[in-house]
Amino acid sequence: MQFLRRCPVVEGLFKAHFTDRRSVFDHHSLVEVVAEAGRDAAEARDVLTSSRR
């Protein structure tokens, strides 16, 4: 579980959901959390809208 605390995206998801009371169940919110963690928002959007699973 220690690795989860070091992942900025995971921390952002927990903060968004539990602290900020933001949704983490729609693509727009997920892309925002990823961008806030310093990751590529366009890449996250592409992954979420891709038919590849």
Side-chain angles (χ1 to χ4, degrees):
M1 292 295 276
Q2 184 70 1
F3 72 93
L4 291 177
R5 286 182 264 245
R6 294 186 182 160
C7 180
V9 175
V10 173
E11 287 181 2
L13 288 169
F14 278 98
K15 181 181 180 299
H17 184 73
F18 293 109
T19 303
D20 302 339
R21 300 259 199 255
R22 291 167 45 196
S23 173
V24 293
F25 300 103
D26 62 82
H27 289 181
H28 179 74
S29 295
L30 290 170
V31 170
E32 282 182 344
V33 169
V34 168
E36 290 166 4
R39 304 300 300 256
D40 187 343
E43 183 178 358
R45 194 175 299 106
D46 289 345
V47 168
L48 290 168
T49 59
S50 171
S51 61
R52 295 178 299 160
R53 301 270 183 223

Legend entry - Closest contact, heavy atoms only, Leu48 versus His27: O-CE1, 3.2 Å
Inset, instruction - Give me the one residue out of Val9, Val33, Val31 that meets side-chain contact (heavy atoms from CB on, under 4.5 Å) with Arg39. - result: Val9
Inset, instruction - Report yes if some heavy atom in the side chain of Lys15 is under 4.5 Å from a heavy atom in the side chain of Glu36; otherwise report no. - result: no
Inset, instruction - List the atom of Ser23, the atom of Ser29, and the distance in Å for their closest heavy-atom pair. - result: O-CB, 2.9 Å
Legend entry - Side-chain heavy-atom pair Leu30, Leu13 within 4.5 angstrom cut-off: yes
